[in-house]
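Just below is one structure, and these are the notes that go with it.
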Amino acid sequence: MKNFSLLVLLLTFNIIFAQDKLITRTAKASFFSETPVENIYAENNQAASILLLPKKTVAFNVLLKSFKFEKALMEEHFNEKYVHSEKYPAAKFKGTFNEDIDLTEAKTYENVEIKGQMIFHGVTKPLNTIAEIIVNSDKTVNLKSKFPINLEAFNIEVPALVKDKIAPEIEVVIDATYK
Amino acid sequence: MKRAIITLSVVIIATLCYARYQYNKPKQDVLSTNSDYSFSAIELIEKFNQDENVSTVFFDKIITVSGKISLIEKGTNTSILILNDGIKCEIDNSDPQQNLTEGMNIIIKGIFSGYDDMFNEIALVKCVIIE
């Protein structure tokens, strides 16, 4: 009997928890870098993310090898020469925000300040960004954000030959839909 | 002298051709490339349970996996299929996959892109369904 009540308690807890823990495996992370020779754009549709509304935290895990480029050679260089994805397979972010987000009401929360830490290429750096969080009527939640990443800050070396051609900062765009 | 000029031009042309080929190098065609490894989903998950460092062995390799679809997560451009609760395969939405349902047994081929320690899943990208 005691076991049974414990099971019920656990199940209830699990249900409550499940509603507050929003997840996605299909978040989109893309970046753009403008160079005089050509523009570099890559997109990753396989980013994993967890949004915990009661704890006001958001976390991302982005596998670098899952970025897709227009040209195969760019993809190869990105993985082997720039981010060394074999050694550092993922970029991670974990952050917190202050807004109370109500899942029961469809609403757009603009300018949500997210403060956190980013781990990328073996380097941990603080990263603060502004996001837009939209609660849809079907209870799905969108999170969109845009922020620059300084390559040098994460120890990413740009070969001297192309140093003047590649911008020191790349612009990252995040677009996640949680269920 | 004339010979030197001819040789030099040949070298230059060859270099340019090679550079052009490299630049426009075709994308890896997963379907027509032989897979480096072939496992059942259970076997592959077991390998990672035993040793997470097995990642380095499989990195960038083409793996064929047979397993049961435990979850389908639709995205805008691509979708994720989860096999046996432990392997996530990214497939393009343009792939003929409308008839896929959860619980189905499939054989899929993709490039190993890492171990996602957020959901504890083995990630394969650019997957194609074999059957």
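Each chain gets a letter, A, B and so on, in the order its sequence line appears, and its residues count up from 1.
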Problem - Interface residue of largest heavy-atom contact number with chain B, from A/Val62, A/Asp175, A/Leu64, A/Ile23, under 4.5 Å - result: A/Ile23

Salt-bridge criterion met for [X] and [Y] (N-O under 4.0 Å):
{"X": "A/Lys107", "Y": "A/Asp102", "answer": "no"}
{"X": "A/Arg25", "Y": "B/Glu121", "answer": "yes"}
{"X": "A/Lys56", "Y": "A/Asp100", "answer": "yes"}

Handout entry: B/Val30 with B/Ile108, same ILVMFWY side-chain cluster at under 4.5 Å
Key = no

Completion exercise
Cut-off 4.5 Å, heavy atoms of chain A, and the answer for B/Ile82 is side chain

Exercise for the section: Measure B/Asp116 against the heavy atoms of chain A and call it side chain, backbone, both or neither at under 4.5 Å. Expected result: both

Handout entry: Residue pair B/Lys47, B/Val57: steps toward the side-chain contact (heavy atoms from CB on, under 4.5 Å) verdict
Key = CA-CA 11 Å; B/Lys47 282 195 188 297; B/Val57 178; over 6 Å; no

Exercise for the section: Give me the contact list for residues 116-152 of chain A versus chain B, heavy atoms only, anything under 4.5 Å, ordered by residue number. Expected result: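 Not one residue of residues 116-152 of chain A has a heavy atom under 4.5 Å from chain B.
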
Exercise for the section: Pull out the residues in residues 68-98 of chain A that come under 4.5 Å of chain B, heavy atom to heavy atom, sorted by number. Expected result: A/Lys68, A/Phe69, A/Glu70, A/Lys71, A/Ala72, A/Leu73, A/Glu75, A/Glu76, A/Ser85, A/Glu86, A/Lys92

Exercise for the section: Give the member of B/Phe112, B/Phe59, B/Tyr115 that has the highest number of heavy-atom pairs under 4.5 Å with chain A. Expected result: B/Phe59

Keeping [X] on the side-chain end and [Y] on the backbone end, is there a donor-acceptor pair under 3.5 Å?
{"X": "A/Lys28", "Y": "A/Glu43", "value": "no"}
{"X": "A/Ser49", "Y": "A/Ala59", "value": "yes"}
{"X": "A/Asn44", "Y": "A/Leu63", "value": "yes"}

Practice task
Indicate yes or no: at least one non-hydrogen side-chain atom of B/Thr101 is less than 4.5 angstrom from one of B/Ile69.
Solution key: no

Exercise for the section: Take atom CD of B/Glu46 as the centre, draw a 6.0 Å sphere, and report whether it contains more than 12 heavy atoms from other residues, nucleotides or ligands. Expected result: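 Counting other residues, nucleotides and ligands, CD of B/Glu46 exceeds 12 neighbours.
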
Practice task
Step by step, work out the side-chain contact (heavy atoms from CB on, under 4.5 Å) result for B/Ile129 and B/Leu100.
Solution key: CA-CA 10 Å; B/Ile129 293 154; B/Leu100 290 180; 3.5 Å; yes

